*Asks:* 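Next up is a structure, given as structure tokens.
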2 protein chains.
Amino acid sequence: MRPGLSFKENMQEARRTYPDASQCPVRGVLDQIASKWSVLILSALAERPYRFGELRRDIGDISQRMLTQTLRDLQADGLIERTVFPTTPPSVEYKLSPLGRSFLLPLSAMVDWAFEHFPAIDKARAEFRKEA
Amino acid sequence: MRPGLSFKENMQEARRTYPDASQCPVRGVLDQIASKWSVLILSALAERPYRFGELRRDIGDISQRMLTQTLRDLQADGLIERTVFPTTPPSVEYKLSPLGRSFLLPLSAMVDWAFEHFPAIDKARAEFRKEA
DNA sequence: CCGCATCCCTTCGGATACTG
DNA sequence: CAGTATCCGAAGGGATGCGG
């Protein structure tokens, strides 16, 4: 990476367009989408469609309450599609929408970065505590 | 974007490496870094170094408490550097570290995506409410 | 199997007042 | 100017029990 600076223009343009950052619509989108549970759910759905119980088991430590809630939010945002199969017992499938798939690229960029740099961050945290 | 699927490998590899997602170190990193205030601060520092009061005014609706706290966390993670100038009155400068700058690319990818797609998301949200 | 409703505890985060 | 300390309301999120 070039030492100087090499970030995209939209980030600064967003800041120019919304000098009062509290009014920036991008913020509301990011808050929802970059949240802990959303990332895990979208990461799972990146592989293949999932049923409710599958997702629950796969993620492991998500409560059924948060799973339901986050799935609804992602559905409301148009990132995932929900299909009910009226079998007995009923089964419900969740899959990424085209919009949701378009989000995988920036999402995986974040995940990739975290995956690559978390050792450096852990080290920085440890040293920061030693100083204090 | 290709219709099929086109996401990076690390996302799936992270899921394979940490089948129990609750143990995944990437999660802790993301939670901290992709949070609301962190994104705003890093976006500001992407332009140039800032002093404390400048950041506060620039972001606008961040409380001094959260600004201090988030700056400390980002510093602990090694993403920003803090320099004290013992003038009177004292002044403190915050700037991105090399690690912090390396994060701008994935961060701006997210911001760019949000900037481009928030109209679609707003529309999806509105329609979702109409259905209900 | 999928999900909603309730209770309840914990964390987030703003407001205010006070130091070097 | 750049913080720290305290108080307190708001929101996040787990546990449990019921319904389609």
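Quantities reported herein were computed from a predicted structural model and do not represent experimental measurements. In what follows, chains are A, B, ... by sequence order, proteins preceding strands, each numbered from 1.
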*Asks:* Find which nucleotide of DNA chain C each of B:Lys36 and B:Gln64 is nearest to by heavy atoms, and output the residue with the more 5' nucleotide.
*Replies:* B:Lys36
*Asks:* Does NZ or CZ of B:Arg48 fall inside the cone over B:Tyr50's six-membered ring, less than 6.0 Å from its centre and within 45° of the axis?
*Replies:* yes
*Asks:* Are the charged groups of B:Arg72 and B:Asp77 less than 4.0 angstrom apart, N to O?
*Replies:* no
*Asks:* Output the rounded distance in Å from CZ (A:Arg51) to P (C:dG3).
*Replies:* 10 Å
*Asks:* NA contact type, B:Arg82, heavy-atom cut-off 4.0 Å: base, sugar-phosphate, or nothing?
*Replies:* sugar-phosphate
*Asks:* Starting at atom CE of A:Met66, determine the distance to atom P of C:dT11, rounded to an integer number of angstrom.
*Replies:* 15 Å
*Asks:* May I ask whether A:Phe52 and A:Val84 are part of the same hydrophobic cluster, defined by side-chain heavy atoms of I, L, V, M, F, W, Y residues being less than 4.5 angstrom apart, directly or through others?
*Replies:* yes
*Asks:* Rounding to a whole Å, what distance do you find between B:Arg65:CZ and C:dC12:C1'?
*Replies:* 8 Å
*Asks:* Pick base, sugar-phosphate or nothing for A:Phe85, based on heavy-atom distances below 4.0 Å to the nucleic acid.
*Replies:* nothing
*Asks:* Applying side chain to side chain contact (heavy atoms under 4.5 Å, CB included) to A:Ile80 and A:Leu71, what does each step give before you reach the verdict?
*Replies:* CA-CA 8 Å; A:Ile80 64 178; A:Leu71 284 171; 3.6 Å; yes
*Asks:* Between the side chain of A:Arg51 and the main-chain N/O of A:Tyr94, is any donor-acceptor distance below 3.5 Å?
*Replies:* no
*Asks:* Let me know the distance between CD of B:Gln69 and C1' of C:dC12, rounded to the nearest Å.
*Replies:* 8 Å
*Asks:* Please check the phosphate of C:dC1 (OP1 and OP2 only) for any side-chain N or O of A:Tyr50 closer than 4.0 Å.
*Replies:* no
*Asks:* Tell me which of A:Pro90 and A:Ser63 sits closer to the 5' end of DNA chain D, going by the nucleotide each one is nearest to.
*Replies:* A:Ser63
*Asks:* Does the plane of the ring in A:Phe115 sit parallel, tilted or perpendicular to the ring in B:Tyr18? Use 30° and 60° as the thresholds.
*Replies:* perpendicular
*Asks:* Verify, without hydrogens or angle tests, whether B:Trp113 (side chain) and A:Ser102 (backbone) share a donor-acceptor contact under 3.5 angstrom.
*Replies:* yes
*Asks:* C:dG13, C:dG3, C:dT6: which one has an atom nearest the side-chain heavy atoms of A:Arg72?
*Replies:* C:dG3
*Asks:* Starting at CG of B:Asp61 and ending at P of C:dG14, how long is that distance when rounded to a whole Å?
*Replies:* 8 Å
*Asks:* Picking from C:dC2, C:dG13, C:dT6, which would you name as closest to the side chain of B:Trp37?
*Replies:* C:dG13
*Asks:* Output the rounded distance in Å from CG (A:Leu67) to P (C:dG3).
*Replies:* 8 Å
*Asks:* Using the heavy-atom set of chain A and a strict 4.0 Å cut-off, write down the first and last nucleotide of DNA chain D that makes it in, 5' to 3'.
*Replies:* D:dG13 to D:dG20
